[in-house]
Amino acid sequence: MTETRLRFPPSPTGYLHIGGARTALYNWLYAKQTGGKLILRIEDTDAERSTEESIQGIVDSLEWLGIDFDEGPYFQTEFAEDHTKAAQKLLDQGSAYKCFCSKETLDAKREAALAAKKPLGYDRTCRNLTAAEVAEKEAAAIPSVIRFKIPERNGALGYDDVILGRIESQYSEVDDFVIVRSNGKPLYLLCNVVDDIRDRISHVIRGQDHMTNTLKQVLMYEALGAPVPVFGHMPLTLDTKKAKISKRSHGEIVSVQFYRDSGFIPWAFNNFLVLLGWSAGNDQEFFTKEELIKAFTFERINKSSAIFNYRKNDPKFFTDPKAISINEHYLRSMDITKLGLMVKKELQADDLWLDTYDAERKNWYLQTLDLIRDRFHTLKDFTTLGRAYFADDFQVDEKPLKKNVLKHEGLKEWFPDLANRYEKLSDFSLEETERVARELATELEIKPGIIINGMRTVVTGQLAGPSMFDILVTIGQEKVVARLRTIATLFA
RNA sequence: GUCCCCAUCGUCUAGUCAGGUCCAGGACAUCGGCCUUUCACGCCGACAACACCGGUUCGAAUCCGGUUGGGGACGCCA
């Protein structure tokens with residue numbers, strides 16, 4: 001059995017979007033499963049649209065996801081010679097021919113065909129030019145492209161798709177496609193095949209939008225005398241209107257970077273991505289990396305396209321609810337030490353990190369995360385909703401302010417009183433803090449809830465949170481006392 | 001227009017290849033309940049789908065044909 005070799009070949013014309021990330025993930029999974037190799041190849045032959053920034057963005061995104069590659073990144077432009085040689089070979093052996101039709105003529109023909117509702121393919125005007133005719137046109141300096149010559153055969157050409165099954169089409173349906181531009185630069189269809197042959201790619205797993213390309217490329221492998229790899233075409237990712245998701249029409253919500261910046265856990269996002277078009281065949285939805293590598297199969301990839309359930313302006317969900325829910329699952333169930341590392345980065349970015357959290361206060365740090373993580377959706381929440389645990393500059397939300405504070409004028413006297421009582425406690429424990437709070441409520445003949453909810457607002461700025469006395473003990477006597485004493489400023 | 005692919009709850013899907021155990025299972029979302037000083041978590045429950053029409057068969061979500069619907073491709077982009 002020869003080594004399995006897969007590749008992920010993005011074109012650097014923008015950020016990595018979730019469809020591309022899923023393609024990379026599936027390739028990566030199979031490479032890992034078979035002990036094969038994953039190759040990253042940047043397909044930058046379109047000089048006009050390729051950018052350095054985009055290359056960096058793609059590499060960063062893959063790294064964030066944890067999709068590591070074994071070879072590369074290779075750059076397609078570095079192999080221009082291979083591409084040109086292959087084109088020449090095809091030309092020399094009669095598998096390709098020069099076409100002198102101008103772009104304008106072709107555009108006009110295409111438009112006319114579209115209007116007449118006729119097939120749009122190339123009409124093969126230059127296919128049977130004699131050597132003399134070609135020489136004549138070249139002497140006249142008429143620019144030419146090179147087209148691949150679809151063999152004149154009856155019947156169907158096709159391939160066995162590991163996801164879709166047998167795919168076939170009539171030879172007569174396939175266009176004599178251009179493989180080299182008039183400026184001498186080879187095009188994707190050719191370069192891609194030449195690179196895959198050189199890189200000894202055994203499996204080409206890509207989106208269904210490449211299905212017609214594959215038909216053409218199968219013919220090129222044959223003409224180039226190379227073995228045809230295994231092909232598999234994955235379902236596309238669509239939006240809720242069933243349009244292909246794209247950078248252009250959807251913006252950053254479909255970019256991997258958005259999820260990194262929104263505080264997603266990388267593996268959680270991979271877990272979401274893999275489920276968009278694949279299932280293990282049972283009810284399992286959460287996988288460790290090892291489990292997923294073991295369970296993944298091409299055969300279980302869905303044939304139909306999946307919808308990325310993102311609703312613009314949804315007040316409750318800023319992206320696909322399932323993605324959020326999977327992230328929440330990992331957030332509250334993952335190893336607390338690992339979570340600690342991720343939250344550390346968030347705290348550092350917001351200048352809230354203290355080195356003692358890695359040292360004498362490590363237990364406090366991890367216990368605090370454990371206490372508050374149940375209510376959070378993303379890593380970002382630790383520095384926003386959870387800010388009061390790490391800093392004094394937290395905001396008091398308007399809603400709890402109105403509901404729990406402003407409604408009770410008496411708090412202006414009660415909290416300084418409570419602060420004094422708390423200050424005197426030698427044992428600032430769950431039991432003692434609760435006893436004192438309830439005692440005060442009894443003395444004042446008010447419901448304990450008024451004290452408790454008011455404290456939550458003053459001490460954390462939030463409407464909701466963990467058990468109040470857990471919060472007090474976690475935040476600590478000194479800070480609690482100080483915060484309770486600021487009560488009057490909230491009424492200002 | 002031509003060719004290719006696809007079709008189960010709102011969304012992701014199991015079940016389809018080997019027809020009966022499926023008046024269709026799970027997850028997310030939604031709605032109710034329990035828990036609770038808050039909000040979550042957790043637990044319990046509800047709502048909700050085999051696109052349509054024919055055929056084959058004792059029996060079809062599953063096989064066959066057609067219709068409809070959706071998607072993709074048809075670039076001197078990748």
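Proteins come first, then strands; the chains are lettered A, B, ... in the order of their sequence lines, and each starts at number 1. None of these values were measured; they are calculated from a predicted model.
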TODO: Mark yes or no for a side-chain to base donor-acceptor pair under 3.5 Å between A/Thr240 and B/U11, with no hydrogen or angle criteria applied.
DONE: no
- [ ] Could you work out the separation of B/C4 and B/G26 based on their P atoms and round it to a whole Å?
- [x] 39 Å
Task: Ring-on-base stacking B/A78 with A/His210 (under 5.5 Å, under 30°) - done: yes
Task: Phosphate contact (B/C76 OP1 or OP2) by A/Arg110 side-chain N/O below 4.0 Å - done: yes
TODO: Could you tell me which non-hydrogen atom of A/Glu43 sits nearest to which non-hydrogen atom of A/Asp195, and how far apart they are?
DONE: OE2-OD2, 4.5 Å
Task: Carboxylate-amine/guanidinium proximity below 4.0 Å for A/Asp160 and A/Arg166 - done: yes
TODO: Confirm from the modelled atom types if A/Arg375 and B/C39 form a donor-acceptor pair under 3.5 Å, side chain to base only.
DONE: yes
Open item on the list: Categorize A/Leu215 for me: base, sugar-phosphate, or nothing, with a 4.0 angstrom heavy-atom threshold over every strand shown.
Closed with: nothing
Task: Distance test, side-chain N/O of A/Thr45 to OP1/OP2 of B/A78, below 4.0 Å - done: yes
Task: Candidates B/C76, B/U37, B/U13 - which lies nearest the side chain of A/Arg456 - done: B/U37
Open item on the list: Show the nearest heavy-atom pair for residues A/Asn271 and A/Glu285, with the distance to one decimal.
Closed with: ND2-O, 2.8 Å
Task: A/Ser305 (side chain) and B/C6 (base): donor-acceptor pair under 3.5 Å - done: no
- [ ] Indicate, with a heavy-atom threshold strictly under 4.0 Å, whether A/Asn302 touches base, sugar-phosphate, or nothing.
- [x] sugar-phosphate
TODO: Would you please confirm or rule out a distance under 4.0 Å between OP1 or OP2 of B/A78 and any side-chain N or O of A/Thr13?
DONE: no
Open item on the list: Classify A/Pro466 by what it touches in the nucleic acid, base, sugar-phosphate, or nothing, heavy-atom distance under 4.0 Å.
Closed with: base
Task: Touch class at under 4.0 angstrom, heavy-atom based, for A/Phe317 against every strand present - done: sugar-phosphate
TODO: Describe the nucleic acid contact of A/Ser182 in one word from base, sugar-phosphate, nothing, applying a heavy-atom distance below 4.0 Å.
DONE: base
Open item on the list: Counting the atoms with a prime plus P, OP1 and OP2 as sugar-phosphate, which does A/Glu285 contact under 4.0 Å by heavy atoms, base, sugar-phosphate, or nothing?
Closed with: base
Task: Nucleotide of B/C12, B/C4, B/U37 approaching A/Met211 most closely (side-chain heavy atoms) - done: B/C4
Open item on the list: With a 4.0 Å limit, can you tell me whether A/Arg332 has a side-chain N or O closer than that to the phosphate oxygens OP1/OP2 of B/G42?
Closed with: yes
Open item on the list: Counting the atoms with a prime plus P, OP1 and OP2 as sugar-phosphate, which does A/Leu120 contact under 4.0 Å by heavy atoms, base, sugar-phosphate, or nothing?
Closed with: base
- [ ] Pick base, sugar-phosphate or nothing for A/Arg49, based on heavy-atom distances below 4.0 Å to the nucleic acid.
- [x] base
Task: Quiz item: A/Asp44 side-chain donor-acceptor pair to B/A78 base, under 3.5 Å - done: no
TODO: Tell whether A/Lys316 reaches the base of B/A29 with its side chain through a donor-acceptor pair below 3.5 angstrom.
DONE: no
- [ ] To the nearest 0.5 angstrom, please state how far the CG atom of A/Asn404 sits from the CG atom of A/Leu401.
- [x] 9.0 Å
TODO: Establish, with yes or no, whether the OP1 or OP2 oxygen of B/A78 is under 4.0 angstrom from a side-chain nitrogen or oxygen of A/Arg181.
DONE: yes
Open item on the list: Taking only side-chain N and O atoms of A/Lys244, does any of them lie within less than 4.0 angstrom of OP1 or OP2 on B/A73?
Closed with: yes
- [ ] Specify whether A/Phe264 and A/Phe269 have parallel, tilted or perpendicular ring planes, treating 30° as the upper limit for parallel and 60° as the lower limit for perpendicular.
- [x] perpendicular
Open item on the list: By the 4.0 Å heavy-atom rule, please label A/Arg300 as base, sugar-phosphate, or nothing.
Closed with: sugar-phosphate
Task: Sugar-phosphate, base or nothing in reach of A/Glu328, heavy atoms under 4.0 Å - done: nothing
